[in-house]
There are 2 protein chains.
Amino acid sequence: MNKSDRSVTIKDIAREAGVSISTVSFAFNGTAPVAQETKDRIFEVIKRLNYQPNSAARGLVTRKTNNICLFTPHPASDFFSFGGNSVFSHLLQGIGEVLDQKDYNLLISWDNIGHKAKTPKLIKLMRERAMDGVLICLPNQDSSVIEELSEHHFPVVIIGSNGLKNQVNSVDVDNYDIAFRNAQHMLQLGHTRIAFISPGPLEFLVCEDRLEGYRDALEEAGIRFREEYVFIGDEKERSGYNAAAAFMALKEPPTAIVSGRDVQGVGVIEYGREHGVSIPGDVALISFENSELAEKYGITSVTTDLYEIGKEGAKLLHKLLTRKKDRGAQNIVIPSELIIRASCGTKPTT
Amino acid sequence: MNKSDRSVTIKDIAREAGVSISTVSFAFNGTAPVAQETKDRIFEVIKRLNYQPNSAARGLVTRKTNNICLFTPHPASDFFSFGGNSVFSHLLQGIGEVLDQKDYNLLISWDNIGHKAKTPKLIKLMRERAMDGVLICLPNQDSSVIEELSEHHFPVVIIGSNGLKNQVNSVDVDNYDIAFRNAQHMLQLGHTRIAFISPGPLEFLVCEDRLEGYRDALEEAGIRFREEYVFIGDEKERSGYNAAAAFMALKEPPTAIVSGRDVQGVGVIEYGREHGVSIPGDVALISFENSELAEKYGITSVTTDLYEIGKEGAKLLHKLLTRKKDRGAQNIVIPSELIIRASCGTKPTT
DNA sequence: TATGCCATAAAAAACGTTTTTATTAAATTT
DNA sequence: AAATTTAATAAAAACGTTTTTTATGGCATA
């Protein structure tokens with residue numbers, strides 16, 4: 001609608017206001033003192049011509065894009081989903097909230113979990129300087145991407161656990177501690193035959209951490225660790241079902257189960273319903289995640305606040321981007337809370 | 001790890017290969033003929049030095065960023081959610097899939113639905129040329145943003161309906177037609193007292209379209225339109241419940257209900273359960289959306305394929321960005337399918 | 001033998017900023 | 001009163017590309 005379609009540049013402002021372009025830049029960004037009178041004139045023109053600096057030109061010299069990238073498993077993948085439900089938006093909300101406030105743009109890109117399919121794209125984005133930093137959520141064991149990124153001193157924050165802990169910034173709940181306390185809770189209720197369902201293969205650090213927490217709690221209580229009380233599941237409901245089946249088939253079945261994910265807990269419950277195993281009557285159940293599922297099925301569970309994790313992750317990344325001095329890797333731990341529901345009962349069966 | 005931390009530029013390549021920077025650019029991008037021998041030498045150096053052009057510098061001259069922005073209601077908002085479930089990821093998946101293939105980056109930004117809170121940010125992003133185009137999903141009546149964007153000839157594709165149809169590109173299901181056929185389906189089953197629940201205020205075009213489709217179907221069948229058979233609900237389950245309550249309180253209650261959203265259909269069912277109204281026994285129910293809820297509650301519903309909508313939207317935007325000639329606004333219609341379930345019954349009550 | 005053409009490549013301009021350096025006049029210090 | 005600092009501004013350099021223009025030989029054509 002305006003005279004021309006060419007967008008207005010700093011040159012136009014300078015000409016119209018009768019000053020040099022540097023003065024315009026100084027005034028606009030407040031980076032150098034400019035006489036009030038001149039400043040007023042410049043801002044009048046800026047407003048009148050509706051000037052907005054070109055981000056590419058600016059980025060070329062400042063070496064900033066104000067874009068940050070979130071790299072995750074697919075939003076609809078099993079990692080984020082359970083019962084058709086996706087918690088991806090929780091994570092997104094936390095990240096978006098702080099990024100928005102700090103005036104960063106959020107770019108998202110996803111991976112086929114464990115297949116490192118798109119990884120090269122992330123590397124490319126970083127190498128062509130298309131983003132200032134990246135939040136990575138890669139719940140698999142592969143840390144080569146992360147290594148490559150931090151090797152180039154590229155600002156990275158890991159969402160979740162990773163083998164490179166203490167070398168690279170991260171935000172997560174304390175999986176070891178949660179598992180430890182989950183097992184402890186069962187012990188306190190008097191259980192001694194406590195089983196554990198891993199939410200994935202032990203190569204995943206999350207799983208290893210949880211198993212270890214579980215194991216240490218038993219050890220502390222002087223209870224023998226039994227191989228047959230550990231079931232390596234996956235992120236799907238079925239694995240909880242299968243775990244229950246396996247445990248119940250033992251000559252000496254456990255009286256309590258520490259489930260790796262709520263969705264597995266649901267599997268356990270389903271098994272119970274189908275086979276007349278009462279929960280918590282015959283087997284007490286405690287889980288991780290505290291999703292809507294836990295609420296719905298009355299499963300005692302420990303919160304994994306993805307909203308908070310996203311928020312803290314974004315904050316940390318922002319710190320990385322604005323701080324000049326490198327002060328080593330930070331590992332933020334988001335506190336978890338045990339939400340007691342019916343599934344854990346109050347007394348063990350004997 | 002390399003000698004210096006400064007990233008390698010086209011100058012480095014030129015020097016190392018003993019040619020001018022323009023020649024490197026020509027060879028790299030294939031934009032002008034370069035002798036094979038020279039080309040080989042250049043690519044060897046590019047590979048050896050691991051060169052990746054700087055996107056800001058490139059964007060400055062090409063006026064492209066390869067970023068496109070998705071602007072939607074909040075991913076966890078009622079618009080995308082029902083029963084704690086979010087379909088946002090479906091939309092995201094469709095968009096991401098094609099954008100990724102075309103080598104665009106996806107930037108996301110959201111709005112508090114109807115409060116046009118962040119709108120200025122979108123405008124700013126566009127004016128500073130931080131993105132090449134935008135996919136907008138704004139299910140409210142406010143079209144000022146869209147007007148502003150297209151006024152500046154900024155490439156925009158609307159996801160969903162909008163008052164500016166035919167002036168601006170869009171992708172949506174045919175709400176009028178769906179409602180028409182939904183009502184018709186009820187008519188074919190012999191119903192004559194058919195009520196309608198709007199999923200929102202009639203200022204929203206989606207709602208107006210649906211109401212109109214419903215009304216026209218009745219009219220075509222020679223059935224009188226009754227004001228009291230229309231309930232203006234909102235995006236929440238409760239509004240379906242309230243609608244059912246209102247309808248059932250009439251001296252002559254409807255025998256069929258066309259629900260605006262699955263979640264409202266659930267509200268109707270809940271009402272029925274609590275008040276002993278059998279569905280489809282006493283009232284037949286048909287809905288829009290075909291979400292997991294419809295499946296779960298056995299509600300006959302018409303598909304709204306957000307995955308497909310996202311895909312087509314992204315494709316259309318890409319076309320806009322690559323075509324030189326403007327060929328008017330395109331309005332893509334994604335086909336819908338009626339999924340028959342128990343809720344609509346086969347015979348009307350009389 | 002000049003003339004034009006072609007293939008290749010170099011040089012230069014442009015993109016729109018920020019940042020560094022230079023200039024000028026006024027104010028302050030010595 | 002001269003020297004120095006300060007405030008305000010202008011000029012120029014830099015950022016790293018793409019794109020346009022110019023140059024250079026060789027080769028065919030007139």
Side-chain angles (χ1 to χ4, degrees), chain A residues 4-43 45-46 49-67 124-132, chain B residues 4-43 45-46 49-67 124-132:
Chain A
S4 133
D5 222 31
R6 187 183 64 82
S7 41
V8 8
T9 75
I10 200 172
K11 261 188 198 162
D12 300 318
I13 306 299
R15 183 170 7 80
E16 194 79 5
V19 300
S20 72
I21 61 168
S22 41
T23 304
V24 175
S25 178
F26 292 148
F28 189 72
N29 299 309
T31 45
V34 173
Q36 189 59 49
E37 187 185 17
T38 322
K39 221 188 281 185
D40 290 345
R41 194 150 29 96
I42 291 174
F43 275 106
V45 178
I46 283 178
L49 268 54
N50 202 10
Y51 168 70
Q52 180 75 42
N54 176 298
S55 63
R58 186 175 252 182
L60 182 54
V61 22
T62 63
R63 289 148 184 288
K64 297 224 163 310
T65 61
N66 272 33
N67 294 152
K124 185 188 162 220
L125 278 173
M126 163 231 140
R127 301 206 37 249
E128 70 186 6
R129 297 264 123 77
M131 51 194 194
D132 295 342
Chain B
S4 130
D5 222 29
R6 187 183 63 84
S7 41
V8 9
T9 76
I10 200 174
K11 260 188 197 163
D12 300 319
I13 307 298
R15 183 172 7 83
E16 193 81 2
V19 299
S20 72
I21 61 167
S22 40
T23 303
V24 175
S25 178
F26 292 146
F28 188 71
N29 299 308
T31 45
V34 173
Q36 188 59 49
E37 187 184 17
T38 322
K39 220 187 285 186
D40 290 345
R41 194 151 28 97
I42 291 174
F43 275 106
V45 178
I46 283 177
L49 268 53
N50 202 10
Y51 168 69
Q52 180 74 42
N54 175 298
S55 64
R58 185 175 252 182
L60 183 55
V61 21
T62 62
R63 291 150 183 288
K64 297 223 163 310
T65 62
N66 271 34
N67 293 153
K124 185 188 161 218
L125 278 173
M126 163 231 140
R127 302 205 38 250
E128 69 184 10
R129 297 264 125 76
M131 53 195 191
D132 295 341

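To find a chain, count down the sequence lines: A is the first, B the second, and so on, and within it residues start at 1.
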>> I'd like to check A:E128 versus B:N66 (side-chain heavy atoms, cut-off strictly below 4.5 Å). Are they in contact?
In response: no
>> B:D132: which residues meet the salt bridge (Lys or Arg N to Asp or Glu O under 4.0 Å) condition with it, sequence neighbours left out?
In response: none
> So what does B:S55 hit on the nucleic acid, given a heavy-atom distance under 4.0 Å: a base, only sugar-phosphate, or nothing?
Replying inline: nothing
>> For a 4.5 angstrom cut-off between non-hydrogen side-chain atoms, does A:N54 reach A:T9?
In response: no
>> Generate the contact string for nucleotides 11-22 of chain D. Rules: B means base contact, S means sugar-phosphate contact only, - means no protein heavy atom under 4.0 Å.
In response: B---BBBBBB--
>> Show the nearest heavy-atom pair for residues A:V24 and A:I42, with the distance to one decimal.
In response: CA-CD1, 4.1 Å
> Rounded to the Å, how far apart are B:K39 NZ and C:dT8 P?
Replying inline: 9 Å
>> The criterion is salt bridge (Lys or Arg N to Asp or Glu O under 4.0 Å); which residues satisfy it with B:E16, sequence neighbours excluded?
In response: B:R48
> Which heavy-atom pair separates B:F26 from B:V34 by the least distance, and what is that distance?
Replying inline: CB-CG2, 3.9 Å
> To the nearest 10 degrees, how far apart in direction are the end axes of the helix from C:dT1-D:dA30 to C:dT30-D:dA1, each fit to five base pairs?
Replying inline: 60°
> In chain order, what residues pass the side chain to side chain donor-acceptor pair (under 3.5 Å) check against A:R127, with sequence neighbours excluded?
Replying inline: B:N50
> Listed by chain and number, what are the side chain to side chain donor-acceptor pair (under 3.5 Å) partners of A:T38, not counting sequence neighbours?
Replying inline: none
